[in-house]
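We count residues from 1, following the sequence as given.
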Amino acid sequence: MTNSASLTRSKLPISGRIVMFFIRHVQHAMASLGELWRSPVSSIMTMAVLGVSLSLPAALQVMVKNAETITQSWDSAAQISLFIDGPRSDKSIQSLIARIKVYPEIDDVRFISKDDALAEFRKLSGFGDALDYLDENPLPAVVTVFPTERYSTPQGARELLAKLEHEPEVSFGRLDIEWLERLQALVHVLERTVIAIGALLVLAVVLIIGNTIRLAIMNRRSEIEVMKLVGATEAFIQRPFLYTGIWYGVVGGILAWLIINILVWYLDGALSHLLGLYGSNLHMKGLSLGELIDMVLIASFLGWIGSYISVRHHLRAIEPS
């Protein structure tokens, strides 16, 4: 039977053989899907386990993505305050502002006069009329510098501060960015955690699918022996099992995407309230449709890897008696 089929294929033109190749793959893909449908309980449980396993590294990735969004939105915290040295004329201060505006590292410059600083302090401190008893305004004039995006990082802002403090009109500068450094360090730890846990769970997914395919092979042992007796090739026998692993990965990836977006929707309200206390109106970002495609592709590839390893090992051990 196999020899006649091979002879028939050899008589087909190249285009016909290409079409038959795809038809065979579609048939095996549909057949493997039918096998899963015939045992829905075990199939759904396996897919659910895969979905949960894949959702754990995806959840950490979502945390990293949202943490990076928060740090980017707070990059303006890298602004530098330059305190003017002693009483300086308006001409001297405007000369300072004109000089530092041409710095390529600076995006914007704002000047806060001594009177403006005292008025702001009066408003925020609550001392009110008590400040009227001061003989003179004790607050210095301040030039606020906003670095470009490249110099908004902790290291870049520090380099810019050291450069600005060499200006003769500047008494000293202040950069309150330590908290941002801690946040970025936490993000880096999360990124490494994602990689480590992701690697472990990738291995777990491969092992789960490999063991599931092994059980499927054992259940169809008699059928495989008959196929080998009539001359079926290993590629023909193993193809349905490979597609079964791919189907497990596809559904597991979709489930993981749904789990993550449901969790993001559930946690977004609480996180938005927390960020609102710090003057931010950011919302959590879930996984996009593009990331759904990425997850499905990765999960289906893992399913293929797990099933391929299991099939190559166990099919060779089955020989017709």
On a heavy-atom basis, which atom in [X] and which in [Y] lie closest, and how many Å separate them?
X	Y	value
S307	I213	CB-CG1, 3.7 Å
A58	I260	CB-CG1, 3.9 Å
G245	I209	CA-CG2, 4.0 Å
S92	E169	OG-CG, 3.4 Å
G51	A256	O-CB, 3.4 Å
A299	G249	CB-O, 3.0 Å

Kindly say whether [Y] contributes a backbone atom to a donor-acceptor pair with the side chain of [X] at under 3.5 angstrom?
X	Y	answer
E165	A162	no
T212	I208	yes
N211	L207	no
S310	G306	no
W257	S288	yes

Cluster question for you: counting only ILVMFWY and a side-chain heavy-atom cut-off of under 4.5 Å, with indirect links fine, are [X] and [Y] together?
X	Y	value
V62	I195	no
L289	I259	no
L56	L200	no
V264	L267	yes
V52	V205	no

Roughly how far apart are [X] [atom1] and [Y] [atom2], rounded to 0.5 Å?
X	Y	atom1	atom2	result
E291	I298	CD	CD1	10.0 Å
S300	Y248	OG	OH	15.0 Å
L255	I44	CG	CD1	9.5 Å
I84	F111	CD1	CZ	6.5 Å
S53	L201	OG	CG	6.0 Å
E167	L82	CD	CG	8.5 Å

Task: M227 atom CE, over 12 foreign heavy atoms within 6.0 Å - done: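 Yes, because the 6.0 Å sphere around CE of M227 holds more than 12 heavy atoms from other groups.
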
Task: Within 6.0 angstrom of R110 CZ, more than 12 heavy atoms from elsewhere - done: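 Result for CZ/R110: open.
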
So, do [X] and [Y] sit near enough that their side-chain heavy atoms are less than 4.5 Å apart?
X	Y	value
L287	L292	no
V145	Y103	no
Y243	I246	yes
L164	V143	no
K163	E105	yes
L302	L54	yes
V41	M45	yes

- [ ] For the pair E225 and R221, find out whether any cationic side-chain nitrogen is under 4.0 Å from an anionic carboxylate oxygen.
- [x]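 Judged by the 4.0 Å cut-off on N to carboxylate O distance, E225 and R221 do form a salt bridge.
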
